[in-house]
There are 2 protein chains.
Amino acid sequence: MRPSAKPPSTKAAAKPRRRASAAPAPRPYHHGDLRRVLIDAALQLVGEGGPDAVSVREAARRAGVSPGAPFRHFPNRAALMNAVAEEAQRRFRAEIEAVLAEAPTSDPLARFRCLGLAYLRWAMKNPTHFEIISSRRFFDHDMTAGVSQDNAELIDLTGRTLAEAFAQGQLRSSDLKQVQIAGRALVYGFARMNIDGHFPRWGVADAEIERTAEGILDLLIEGIAKVPGKSP
Amino acid sequence: MRPSAKPPSTKAAAKPRRRASAAPAPRPYHHGDLRRVLIDAALQLVGEGGPDAVSVREAARRAGVSPGAPFRHFPNRAALMNAVAEEAQRRFRAEIEAVLAEAPTSDPLARFRCLGLAYLRWAMKNPTHFEIISSRRFFDHDMTAGVSQDNAELIDLTGRTLAEAFAQGQLRSSDLKQVQIAGRALVYGFARMNIDGHFPRWGVADAEIERTAEGILDLLIEGIAKVPGKSP
DNA sequence: TTGTGAATGTAAGCATCGATTACACGGATT
DNA sequence: AATCCGTGTAATCGATGCTTACATTCACAA
């Protein structure tokens, strides 16, 4: 199939000193941890130009490696994206849980609010990374157990928090699943409006976004909270 | 620059009857309305495989035209996508307004609900087309006045509806902009959750989606509506 | 009617990308 | 020390967006 066969190795001679003098180490033949470096490069690309800006070749270029090398570590581009999504999801979850750890334990509804706020803030600060973990377009959920699991546990966490709030009589509605989905739709929608560039069309300046985020979250909380002086 | 010059036309001879017999008209040199046909082909591609499935060449292929032809009508792929988005947005707006035309005129809050429902239903029925008009990824807002304008007018329409509801004392909050953004975030979020394949992870089956959509919309309405027996 | 220019199609080609294949290197194991 | 296999390279393929040179035909004016 391949027409031209290559002459058998002039490489050893062509390659200069091997980690000898103080020169910036001309990279040994084997990279060390290319997989990790590729994921980092891809993460960086996502941060720079969004998920579409990730190309296997560019990641390879940044890793200082040939265009075919990445395919030793990832069967295809999607697999690389999966790894990137996994990393992003890990960071996302870590932040959410860190924030929640500092929330008041005695007021579940306030904790629920904290969850929403942490979600929104992370999405605002890391729009491109948020995008990658949100849209299945960029990776294969079935192929990426890590993302799905992290996600499921976050869903569980909010579900439990909501259940506690209900148990303490803080909610008007008893259809917790509905409430939870509404809450998720609200914060996810807001985050995506930001990512998708809707806010300029809504006359919301960048500086106002975080305040607006908090505002709509409070609107939700008020909407689902039981009015103190009123029994169902 | 170009090495090989072509012999000067054997085409006229090679081309068979020209719209003569009853044969299916071997397409004249000029297509007729290639621009329109390309948009339709692209719309179809969007419907089949989402926005990413659209390629200029495939659209050309389906139009039965050479790969370079589309560039006579669209300076680049983005411009084609813009046209597609414009068409989709037109249809979207038409449906919304048609639904609203049948809504009760005396109850603004009910009209607001109708708007939300129409939005959700269209998004559920045309997920890929909805995606294309939602995410600026696929087209350039500045380049596509039509989409932005249609969108702005829909935003205006909901804004006015909400203002009427407030004027009739149907709302708890007086911060209408906040309410409107919350409402939009909710329906947009729900629509995107559907597009982005979140619902399987939430245990929401396809058959339940529409009902759930209605449920969260009602939750919102209840949340923003003034409780009858309670004055602020 | 005829001639000419603009509009619009074709053919060929470039660069880039994802992906594959044959081969080269070199660390780890024996 | 010999060898095996994980990992990198080089070359190549097919598809895509886009450009350029050329071909064809329509519309309009003389």
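A, B, ... follow the sequence lines: proteins, then strands. Residue 1 opens every chain. Because the structure is a prediction, the values reported are computed rather than measured. All heavy atoms count here, side chains included; hydrogens, waters and symmetry mates do not.
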Exercise for review: Could you check whether the rings of B/Phe190 and B/Phe199 sit parallel, tilted or perpendicular, using 30° and 60° as the cut-offs?
Suggested key: tilted

Review point. For the residue pair A/Trp122 and A/Phe92, does the interplanar ring angle fall in the parallel (under 30°), tilted (30 to 60°) or perpendicular (over 60°) class?
Key: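 Rings of A/Trp122 and A/Phe92: tilted, 30 to 60°.
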
Check your understanding: Would A/Leu120 and A/Glu214 satisfy side chain to side chain contact (heavy atoms under 4.5 Å, CB included), going step by step from the backbone distance to the final call?
Key -> CA-CA 8 Å; A/Leu120 284 169; A/Glu214 212 161 329; over 6 Å; no

Every protein N/O within reach of nucleotides 5-7 of chain C N/O, cut-off under 3.5 Å:
none

Rounding to an integer number of Å, can you tell me how far [X] [atom1] sits from [N] [atom2]?
X: A/Phe74; N: C/dT20; atom1: CZ; atom2: P; result: 15 Å
X: B/Asp52; N: C/dC17; atom1: CG; atom2: C1'; result: 15 Å
X: A/Met81; N: C/dA19; atom1: CE; atom2: P; result: 12 Å
X: B/Leu34; N: D/dC26; atom1: CG; atom2: P; result: 15 Å
X: A/Leu80; N: C/dA19; atom1: CG; atom2: P; result: 10 Å
X: A/Leu45; N: C/dC17; atom1: CG; atom2: P; result: 11 Å

Exercise for review: List the steps and the verdict of salt bridge (charged side-chain N to carboxylate O under 4.0 Å, His left out) for A/Arg93 and A/Asp150.
Suggested key: CA-CA 7 Å; A/Arg93 183 183 171 193; A/Asp150 274 358; 2.7 Å; yes

Exercise for review: Tell me, with the steps shown, if A/Arg160 and A/Arg111 meet side chain to side chain contact (heavy atoms under 4.5 Å, CB included).
Suggested key: CA-CA 11 Å; A/Arg160 286 198 307 270; A/Arg111 285 172 70 81; over 6 Å; no

Practice item. Mind checking ring-ring contact (aromatic ring centres under 6.0 Å, His included) for B/Phe138 and listing every partner two or more places apart, or none if nothing turns up? Key: none

Point to revise | Test salt bridge (charged side-chain N to carboxylate O under 4.0 Å, His left out) applied to B/Arg91 and B/Glu95, step by step | key: CA-CA 6 Å; B/Arg91 295 183 189 177; B/Glu95 168 120 352; over 6 Å; no

Pick out the pairs of N or O atoms, protein on one side and nucleotides 16-19 of chain D on the other, that lie under 3.5 Å.
residue: D/dT16; atom: OP2; partner: B/Arg61; partner atom: NH2; Å: 2.8
residue: D/dG17; atom: OP1; partner: B/Val56; partner atom: N; Å: 3.0
residue: D/dG17; atom: OP2; partner: B/Val56; partner atom: N; Å: 3.2
residue: D/dG17; atom: OP2; partner: B/Arg57; partner atom: N; Å: 3.2
residue: D/dG17; atom: N7; partner: B/Arg57; partner atom: NH1; Å: 2.6
residue: D/dG17; atom: O6; partner: B/Arg57; partner atom: NH1; Å: 3.1
residue: D/dC18; atom: OP2; partner: B/Arg77; partner atom: N; Å: 2.5
residue: D/dC18; atom: N4; partner: B/Arg57; partner atom: NH1; Å: 3.4

Practice item. Test side chain to side chain donor-acceptor pair (under 3.5 Å) on A/Gln180 and A/Thr158 and set out the steps. Key: CA-CA 8 Å; A/Gln180 192 182 352; A/Thr158 50; 2.8 Å; yes

